[in-house]
Amino acid sequence: ALRESVKLAQAAEAAGYARYWVAEHHNASSWAGTSPELLIGQIAAGTATIRVGSGGVMLSHYSALKVAEQFRVLDAFYPGRIDLGIGRAPGSDQVTAAALAHPRPQANIDTYAPQVVDLLGFLEGRFKGDHPFAGIRAFAGPVPETVPEVWLLGSSDYSARLAGVLGLPFAFADFFGNVPHGPIVADLYRREFRPSPFLDEPRVSVAVQVICAPTEEEAVFLGASRNINKIGALPVERTGDEAGQTPRRGLMPPDVAAAYVLSDDRRWQLESLKAGYIDGDPTQVRDRLLELAEQYGADEVGIVSNCYAFEDRVRSYELTAHALGIAPLSRLAGQANGG
């Protein structure tokens, strides 16, 4: 999974995408993203032009200074290519969140906003003179010419308001599923926005679940793997010889997932989530992405494409890029419906 994350970034760069972000999750066997800062370094080393970043670092687990130091080092290696997306969710269950803090107490969620302010101060090396951390630098030597681009991530009004007040770009997580309040949150961010040294005007990105295939039928079929995983309906598989070992869950092959029998409650849950997904042929995906961007007034659109087979995932990104006119299609020419 880690190696394929690098390969996928290389494919995304070749297809013309502007950014490639990796998430932070802990104690979750469906994701290999326990350390986005390390994965960002590997991806940036394997690419040349695409911006690479976190979507995002869960700041409440860490010190603002340490995060600033890590991303300053990344920016020193790859100047002008590093994004620092941050969020306030735990990215884990509560027990794992406690383990991440142990033996210290868990951070209070009320400390998130001050942490963000401190992070910006450390990154920029610009604290007010009376700030207790004014003499601490997150980088060695002269002030670097570039700084990681900071984004606030969220799915509610809290991060939107904070991003607006601080004058930072805001990325909304529409990929969680059917999130009808998203455009309202984006409008709230724009109303709250205040120009800052980081940004003159508001900038909104929206990320959405997308699977693109030559036909709508195939896209829906491939999406079955993601759908079953998303609603947590998979049976638990144990590893090791002893009961009680860590449960493992991953994506089912699409033929197995498509035939999986769901309870009425699970089926209702799935239909609700699918209402927010974009699965289709290239023309359908293009039209719905443009419609979504208009609904949000978005400056950028990010896509999440989870497929069982790596080749299907790469193809989905390539077909989507071609449908949107980002880059010409190469080996897949002629397969896309209406491409």
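Nothing fancy with the numbering, it's 1 onward along the sequence. Nothing here was measured: the structure is a model prediction, and the numbers come from that model.
Val210 pairs with exactly one of Asn306, Leu319, Ile303 by the side chain to side chain contact (heavy atoms under 4.5 Å, CB included) rule, that one being Ile303.
Checked by atom type and distance alone, the side chain of Arg72 pairs as donor or acceptor with a backbone atom of Leu123 at under 3.5 Å. Counting only distance, with no hydrogens or angles, the side chain of Tyr317 and the backbone of Ala9 share no donor-acceptor pair below 3.5 Å. Ser205 places no side-chain N or O within 3.5 Å of a backbone atom of Val301 that could act as its donor or acceptor partner. With Arg267 contributing its side chain and Leu262 its backbone, the two residues share a donor-acceptor pair below 3.5 Å. At distances below 3.5 Å, at least one donor-acceptor pair connects side-chain atoms of His181 with backbone N or O atoms of Ser155. Asp299 contributes a side-chain N or O that, together with a main-chain N or O of Val204, makes up a donor-acceptor pair within less than 3.5 Å. Side-chain atoms of Arg190 come within 3.5 Å of backbone atoms of Gly297 as a donor-acceptor pair (strictly under, hydrogens ignored). A distance-only check finds a donor-acceptor pair linking the side chain of Gln284 to the backbone of Asp281 [under 3.5 Å]. Side-chain atoms of Ser316 never come within 3.5 Å of backbone atoms of Asp312 as a donor-acceptor pair (strictly under, hydrogens ignored). Not one N or O on the side chain of Arg88 forms a donor-acceptor pair closer than 3.5 Å with the backbone of Ser159.
Residues Gly167 and Ser196 approach most closely at O-OG, 2.7 Å, considering heavy atoms. Between Ala15 and Ala321, the shortest heavy-atom distance links the atoms O-CB, 3.5 Å. Taking every heavy atom of both residues into account, Val285 and Gly280 meet most closely at CG2-O, 3.6 Å. Looking at every heavy atom in both residues, Ala275 comes nearest to Arg288 through O-NH2, 4.4 Å. Here the closest non-hydrogen pair linking Gly223 and Ile211 is CA-CD1, 3.4 Å. Of all non-hydrogen atoms in Ser60 and Gln115, the two that sit nearest each other are CA-OE1, 3.5 Å.
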Original post:
Would Val22 and Ile43 count as a side chain to side chain contact (heavy atoms under 4.5 Å, CB included) if you check the C-alpha gap in whole Å, the side-chain angles of each, and the deciding distance to 0.1 Å?
Top reply: CA-CA 10 Å; Val22 292; Ile43 293 168; 3.7 Å; yes

**OP:** Output, in order, the C-alpha distance, side-chain angles, deciding distance and verdict of side chain to side chain contact (heavy atoms under 4.5 Å, CB included) for Val185 and Val179.
**Re:** CA-CA 10 Å; Val185 171; Val179 224; over 6 Å; no

Subject >> CA sep, side-chain torsions, deciding dist, call: Asn27, Val95, side chain to side chain contact (heavy atoms under 4.5 Å, CB included) >> reply: CA-CA 10 Å; Asn27 194 34; Val95 175; over 6 Å; no

**OP:** Check step by step if side chain to side chain contact (heavy atoms under 4.5 Å, CB included) holds for Val314 and Leu8.
**Re:** CA-CA 6 Å; Val314 171; Leu8 183 61; 3.9 Å; yes

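In this structure the side chain of Tyr78 never reaches within 4.5 angstrom of the side chain of Ile40, judged on heavy atoms. Looking at Thr320 and Tyr17, their side chains come closer than 4.5 Å, going by heavy atoms from C-beta outward. Leu222 is listed as a side-chain neighbour of Arg315, based on a closest heavy-atom distance under 4.5 Å. At a threshold of 4.5 Å between non-hydrogen side-chain atoms, the residues His26 and Met58 do not count as touching. Within the 4.5 Å cutoff, the side chain of Leu74 has no heavy atoms near those of the Pro148 side chain. Counting only heavy atoms from C-beta outward, the side chains of Leu65 and Asp118 never approach each other to under 4.5 Å. Taking the side chain as every heavy atom from C-beta outward, Met252 and Asn229 never approach each other to under 4.5 Å. Using a 4.5 Å heavy-atom cutoff, the side chains of Gln209 and Lys230 are in contact.
Remark: Ala14 pairs with no residue by the side chain to side chain contact (heavy atoms under 4.5 Å, CB included) rule, at least two apart or across chains. Taking the side chain to side chain contact (heavy atoms under 4.5 Å, CB included) definition, one finds that Arg191 meets it with Asp187, Leu188, sequence neighbours left out. In this view, Val117 and Leu166 satisfy the side chain to side chain contact (heavy atoms under 4.5 Å, CB included) rule, not counting sequence neighbours. Annotation: side chain to side chain contact (heavy atoms under 4.5 Å, CB included) contacts of Pro253 (sequence neighbours excluded): Asp255, Val256, Tyr308.
The cluster map of Ile, Leu, Val, Met, Phe, Trp and Tyr, joined by side-chain heavy atoms under 4.5 Å apart, puts Phe310 and Leu39 in the same cluster. Residues Ile231 and Val220 fall into different hydrophobic clusters, defined by Ile, Leu, Val, Met, Phe, Trp and Tyr side chains chained together at heavy-atom separations under 4.5 Å. If you chain together hydrophobic residues whose side chains sit under 4.5 Å apart, Val57 and Leu38 never meet in one group. Both Ile326 and Val206 belong to a single network of hydrophobic side chains, linked directly or stepwise wherever heavy atoms of I, L, V, M, F, W or Y lie under 4.5 Å apart. By the criterion of side-chain heavy atoms lying less than 4.5 angstrom apart, applied directly or through intervening Ile, Leu, Val, Met, Phe, Trp or Tyr residues, Val116 is grouped together with Phe198 in one hydrophobic cluster.
In this structure, CD1 on Ile82 lies 6.5 Å from CG on Asp75, to the nearest 0.5 angstrom. A distance of 8.0 Å separates CG in Leu162 from CD1 in Ile86, rounded to the nearest 0.5 Å. Once rounded to the nearest 0.5 Å, the distance linking CD of Gln295 with CD1 of Ile184 reads 11.5 Å. Atom-to-atom distance recorded for Cys212:SG and Arg313:CZ is 15.0 Å, nearest 0.5 angstrom. Put simply, CD1 on Ile50 and OH on Tyr20 are 8.5 Å apart, with the number rounded to the nearest 0.5 Å. With values rounded to the nearest 0.5 angstrom, Ser263 atom OG is found 12.0 Å from Trp268 atom CH2.
Under the 4.5 angstrom side-chain criterion for Ile, Leu, Val, Met, Phe, Trp and Tyr, the cluster partners of Leu153 are Trp21, Trp151.
Sparse packing is recorded around CZ of Phe77, with 12 or fewer heavy atoms of other residues, nucleotides or ligands lying under 6.0 Å away. Surrounding CD of Glu217 are at most 12 heavy atoms belonging to other residues, nucleotides or ligands under 6.0 Å away.
Between Glu300 and Arg19 there is a salt bridge, since a side-chain N of the basic residue sits under 4.0 Å from a carboxylate O of the acidic one. The residues Glu271 and Lys274 are annotated as salt-bridged, a charged nitrogen and a carboxylate oxygen being separated by less than 4.0 angstrom.
Aromatic rings from Phe127 and Phe122 are positioned such that their centres are separated by under 6.0 Å.
Aromatic ring orientation, Phe193 versus Tyr189: perpendicular (interplanar angle above 60°, classes split at 30° and 60°).
Pairs engaging residues 33-56 under the side chain to side chain donor-acceptor pair (under 3.5 Å) rule: Glu13-Thr49, Ser35-Glu37, Thr47-Arg81, Arg51-Asp83 [sequence neighbours left out].
A donor and an acceptor atom, one from each side chain of Asn227 and Tyr277, are nowhere located under 3.5 Å apart.
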